[in-house]
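Residue numbering restarts at 1 for every chain, and letters A, B, ... go by the order of the sequence lines. Treat the numbers as computed from the prediction; the structure is a model and nothing was measured.
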Amino acid sequence: MYTTDKSAQIVLSLLKQYGIRKIVVSPGTTNVPIAMTVQNDPWFEVYSVVDERSAAYFATGLAYESGEPVVISCTGATASRNYLSGLTEAYYRNLPIIALTSQHHVADRRDLTPQVTDRSVSQNDIKKVSAMLPVVKDTEDFERCETLVNDALIKATTRGGGPVHINLLVDSSYPFTQQPSDFIARKIQYYDDELISHCMKDLKNELKDKKIGVFIGSHRKFTSDELKSIEQFADSYDVAFFTDHTSNYKGKNQVLIAQIFGALRSTNKPDLVIDMGGITGDYDINSALEGIDVWRLSEDGEIHNRFHRMTKLFDSKERRFFEILVGRKNSKHSYFKSLATEADRFIVPEMPLSNTYISGRLAATIPANSNLHMSILNSLRNMNFYPLDKSIDASCNVGGFGIDGPVSTLIGQSMVHEDKLYFGLIGDLAFFYDMNALGIRHVGSNLRMLVVNNNQGVEFRLNSILEGHWGEKTNDLIAATGHNGSVKAWAESVGFRYLSADNIDTFDQQIDEFCSPDVGSFDRPVIFEVFTNTDDEQTAHDLIRM
Amino acid sequence: MVKKRILLLGGTGAMGVYLVPELLKQGYRVDITTRSAGYRSGVNVRYIQGNACDTDFLVQVLASNYDAVVDFMVYPTTEFSKRIDILLESTSQYIFLSTYRVYADSKGPIRESSPRLLDVSEDKTYLETDEYALQKARQEDILRTHARKNWTIVRPSITYSKNRFQLGVLEAGVVVRRSLEGKSVVFPMEMLEKTTTMTWAGDVAKMISRLVLNDSALQEDFNVVTSEHHTWSEVARYYSSNIGLKIRHITLERFLQIYDNPYQVQYDRMYNRRMDNSKVLAATGLEQGDLMSLEQGLRRELQYFLSDPKFSDLHQELNNRMDVFTDVSVQKIRKKLRPRSRIREARSKIRIRNRLKDIKQKTRIRTRLKVLAATRQNAQKDGVILTMNSIFNYGNVAQRYALQTVLKEYGYTFDNVNMPGWYDAVGDEIFGEMRHFVAKYIGGVPYDPDMLQGYGAYIVGSDQVWRKWGDVDWEVYTRYFFAFIKDSQAKRISYAASFGVDSLSEAGIDSSKVDELGELLGRFTAISVREKSGAQLVDELMSAKVSRSSVVLDPTLLLTSKNYSDLIDESKVSDTRTARVFCYVIDQTDEKKRLVQEVAKDYGHDFYILHPRFDREYEPVEWWLKGFRDSDFVITDSFHGTVFAIINHKNFVVFNNSMRGSARFETLLDSMGISKSRLVHSDVTASAIKSMQLIDWAEVDARLEALRGTSLEWLQSALGKK
């Protein structure tokens, strides 16, 4: 008999694909799906040890002697508590033990359900990772489950290896079939530098003749060496780089996601995605790359499965990865060229004064070699429609994704090079949250901040779902309309030069002055407050995406 | 302030793309109905998917009482009268899109008050039709006599836009496409000096957006046009300077032989159309100077269009008809030269002609020798197979493989003709695997009638060889009826030839050609077809009272699953993995994709959709075969997809594909004793599939075995036993 419980099937399928055969089972009801299936499956080499404490130590012996990973499986109640001493031993000796605990999925300890203990927290030194598998009810659960199990099995066997914990929630109706399942879960193949070099030929073959989209999330500044190896890679295959400003990518074949997939809604998808970098604020990318296989390049070696289609994980320095995979320089760049032709169709529409309009003007006017910091989220999104000169460094607090600190971050940045200009594009919600930062004594005259004041979190009025449900009613509590006044009094009181505009003409008249490339053109830091309104913001938001 | 809401019925066309942003700029909230998915809604713009011609849908949409409705739909007049009440009642302003074509011929510029064709035409036959100009005029009248007065009529002229470009009655798919392909555009010379008014869609949108919720527009009609006008020859010049348009002049009479709507020519394009737009300018506050000039507008829109040109196939037939003119015309061009150079030219022509004659004579002798050698060689073999060489189609390759293999097993040696086609120009980066397979298992001699003489037997089929696809050349089509064979003694056989459809007209065969085809068929020594309906068509062509043909199995069904399995195991794909739900579709749609995903839920989400496309390399044929063999469930819209589901005993459904021919599916399922419920439409659900009755494979096998026996016997007797 074989279990049809999806999460158990995923675990068992992946154990096989990782070549793990040895399993030590202790008696119980909640691990019946595992016990019953492995008992019938000739792949597994099953041992029965009744007492879990003994089972865990037994497993350390098996693992040490054979050099193979070993699974230990137990049920609910205090059973898993007895694994602790054996797992502690395994942790400090880097022995790959996979502790597969299980419990009833409807149970909650607060309901006084018998046999259920809280496994969400455990000692730091008994496992490298603890994966609490969900009950698989839909595709999302399914993908989550696959990712978690891959993560645990990779961690058990790489970077020195060691014990990991997987907790299984079990359907107490124990669904079974008589036939062995030929279900195969998606394995994420792990590569470290050594394995990349070893499999170089196959990997290169896989890259050949494919349209490759390298997606770069937010990224620190690339070093010139990194850029060189990336560009050599781009010359070897048919590559386009999908970026936004926070990607910081200044090399060849670069495509702005917001233009090509946001505004133009291109369906020109790559055949393979290489995903690198951190969190992105460019939401258009998710739907654009749906359904395409992903190779993830993680300098921290972690699975970051943002597109849920990862087939390979590369635990490598970015530069090293690209260097190894560089091939002969014979790319025709045809994929990039086809995207670039499409991007030519992006025309900035005529639109009213709005963050969208302001971003476009700022992007075109901001002097070379300056820095630009954008606040979450409308300012970032709008700026992402427009290309920036390659000499400009752009950044945004996409890590924690908060609106609470852009002014402080920008002022901090501006301390580093007094001879460079630091521009900010900050929305009113973000500005007033972080306004006290203007009082920092170190602020210099190289700081120029453009505050778009629409008198609310207009973000919430640009959300078509909210807008469809509530329209103006969103203003009260969701968009916080009318909380803040003008920046003027506070900015002037702390010694800032204050400019303002509330229509296109006055804005256009002052933007050149505001962007004057001479660091000494103002003797003080500058705030340029531009007042817009919701209607115009909405109109511009729609027009640029038509 | 709450935004006013405007509804556009069918507003994604040439004018809609400009009207939506104009309305947004005016501060409206805009909803647009459209039949296609894939439009993305914004904050103040919402696309509603549905067909506004469908009353239920319309009622549902109108229920949310818009402030104004702009109607881009085209309805038959009877249909329009049925829905006018609800249209007018649901909104405070209904803007009806009419056309400037309603107007009769006019000496001066046309005003709103100028006479209309419907009122003044004396052409009774025309008046009996509901042709566009009359249809719109009648619907205008329905509005004018309605009790509710909240309507506005707008009449655009010829309106060019992002993807619409006109020249006379011709559209972008002819004018721009042919220019880019370096072909001339056939145009009636009588029309060249007629005057036309072409208005830029952006200007039409500006006008309409300013008539929306404009009180002075109620119960009024407006010509939403520019007052700028040009002759068609001027318009043609703009096209030449932007896209290199070349015109081939012909008479109007001949033009009407290739163009289908004579009324549009006669009652519009052959008039001088100059427009007066003072009424709309006054109502909207626009000035003529604000409007785009034709020269500038065409340049701008063509530039945009050329960055990624896409054409619909709507004009394919007209293009084909034009090709006939332009190809011949090249030879007819005679340069008018001055006398002296004419003599010089005549002399050089004679020289060239003599040299050519000399060369021709030599080559003629050489060719004759080559033909003789080929004929002798051909006589050594048993025969040759002629079928379509659709290298882009797995089913075609599979059936060629099957027939060749069967013949080989019975000891016959047959050549296979590689019919030339467009696909020969496509490189190995796409068809490499397909060509490799053909070269390995099927082989091929080039199609050259001279070199194909002398075989003892000729087999045509299988596949839809007797379907006349589009405007295929008569010579090309009749190859499959052996029109080119000289030897009257050779065996002429069709094996499982197919028309694909149930009637001669659907198969593209004109009634005037029946006798010729009947005569050709009369020379056949044995005829078999794949479908029952095909047998009837053969009789129809031959005017035969007693049926002259037999129905046999498609060649792929003559082999067993073991044959194919061995083929797979010998190939390099033998250890690759395919999926549990294997889906082979020729026409991909979202519905099909969704269904596959639904069905695959029961199979661990393990599915693969093989949808051949010409922008990437085809998988090997063996891999395609393996897809069926190693699956648990097959979804397909292909005949051969169905065949391989059956051969491999796989649970399956097949999407009916009436465009590509549905008769073949029905005959196939019928002959295997499989319920027709397996033949599904795009609205089928996964749960319906789940509840389908299981297929009795023992029964299928028994029938298949019997049919295999009779088919093979038929083939052997047609060829003579070896």
Side-chain angles (χ1 to χ4, degrees), chain A residues 4 6 9-10 13 136 138-139 142-143 146 181-186 209-211 262-268 271 284 287 291 338 340-347 349-352 458 460-468 471-472 533-546, chain B residues 1-3 5 12 16-32 38-47 64 162 202 206 300 303-310 428-430 432 577 579-580 593 597-598 600-607 609 615-617 630-632:
Chain A
T4 56
K6 210 73 242 167
Q9 281 187 328
I10 289 172
S13 163
V136 175
D138 57 21
T139 316
F142 182 89
E143 289 171 347
E146 274 185 338
S181 159
D182 56 357
F183 163 80
I184 296 177
R186 179 189 285 261
D209 304 326
K210 280 208 177 82
K211 296 191 284 185
L264 297 168
R265 294 193 284 287
S266 170
T267 51
N268 191 356
D271 304 320
D284 289 317
S287 55
S338 70
T341 319
E342 281 185 53
D344 282 346
R345 299 192 132 198
F346 177 75
I347 298 164
E350 193 188 308
M351 58 189 146
V458 83
F460 308 103
R461 299 293 311 278
L462 299 179
N463 180 315
S464 53
I465 298 170
L466 291 182
E467 196 63 9
E472 286 198 339
N533 64 55
T534 313
D535 280 355
D536 289 348
E537 290 283 358
Q538 289 183 342
T539 306
H541 175 88
D542 284 344
L543 287 172
I544 200 156
R545 294 160 79 87
M546 296 228 82
Chain B
M1 194 196 69
V2 177
K3 291 194 171 190
R5 296 162 63 246
T12 53
V17 293
Y18 282 106
L19 184 55
V20 175
E22 282 302 327
L23 291 170
L24 287 175
K25 281 186 222 166
Q26 307 257 341
Y28 296 119
R29 190 162 272 206
V30 190
D31 285 3
I32 304 116
Y39 285 96
R40 187 182 50 202
S41 299
V43 188
N44 285 316
V45 51
R46 192 164 65 107
Y47 289 91
S64 53
K162 285 188 200 305
K206 272 185 202 148
R300 171 185 161 147
Q303 220 164 32
Y304 178 84
F305 183 76
L306 293 183
S307 68
D308 186 17
K310 286 201 178 79
D428 279 351
E429 70 280 6
I430 309 289
R577 204 185 103 78
R580 293 186 64 196
K593 269 193 248 171
Q597 283 172 6
E598 266 308 298
K601 273 190 190 161
D602 285 346
Y603 297 89
H605 297 271
D606 183 17
F607 65 87
I609 302 182
D615 56 357
R616 62 186 61 151
E617 182 166 15
D630 295 355
S631 70
D632 293 336

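- For chain A, no part of B:Arg46 is nearby; none of its heavy atoms comes within less than 4.5 Å.
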Item to check | A:Met546 vs B:Leu24, side-chain contact (heavy atoms from CB on, under 4.5 Å): CA-CA, chis, key distance, verdict | outcome: CA-CA 11 Å; A:Met546 296 228 82; B:Leu24 287 175; 3.9 Å; yes
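- A:Asp536 does not touch chain B: none of its heavy atoms, backbone or side chain, sits under 4.5 Å away.
- Neither the backbone nor the side chain of A:Lys211 comes within less than 4.5 Å of any heavy atom of chain B.
- Taking a cutoff of 4.0 Å between a charged side-chain nitrogen and a carboxylate oxygen, A:Glu342 and A:Arg345 do not qualify as a salt bridge.
- Relative to the ring axis of B:Tyr304, B:Lys162 places its NZ or CZ within 45° and under 6.0 Å from the centre.
- Within the 4.5 angstrom heavy-atom criterion, only side-chain atoms of A:Ile184, from C-beta onward, approach chain B.
- Chain A forms the most heavy-atom pairs under 4.5 Å with one residue out of B:Arg577, B:Lys25, B:Arg40, and that residue is B:Arg40.
- Smallest separation of non-hydrogen atoms from B:Gly42 and A:Asp542: CA-OD1, 3.3 Å.
- Within the 4.5 angstrom heavy-atom criterion, only side-chain atoms of A:Ile347, from C-beta onward, approach chain B.
- Heavy-atom pairs under 4.5 Å with chain B peak, among A:His541, A:Arg265, A:Arg186, A:Glu350, at A:Arg265.
- A salt bridge between A:Arg461 and A:Glu467 is present, with a side-chain N of the basic residue lying under 4.0 Å from a carboxylate O of the acidic one.
- Proximity to chain A is absent for every atom of B:Asp606, based on heavy atoms less than 4.5 angstrom apart.
- Note that the OH atom of B:Tyr28 and the CG atom of A:Asp535 stand 13.0 Å from one another [nearest 0.5 Å].
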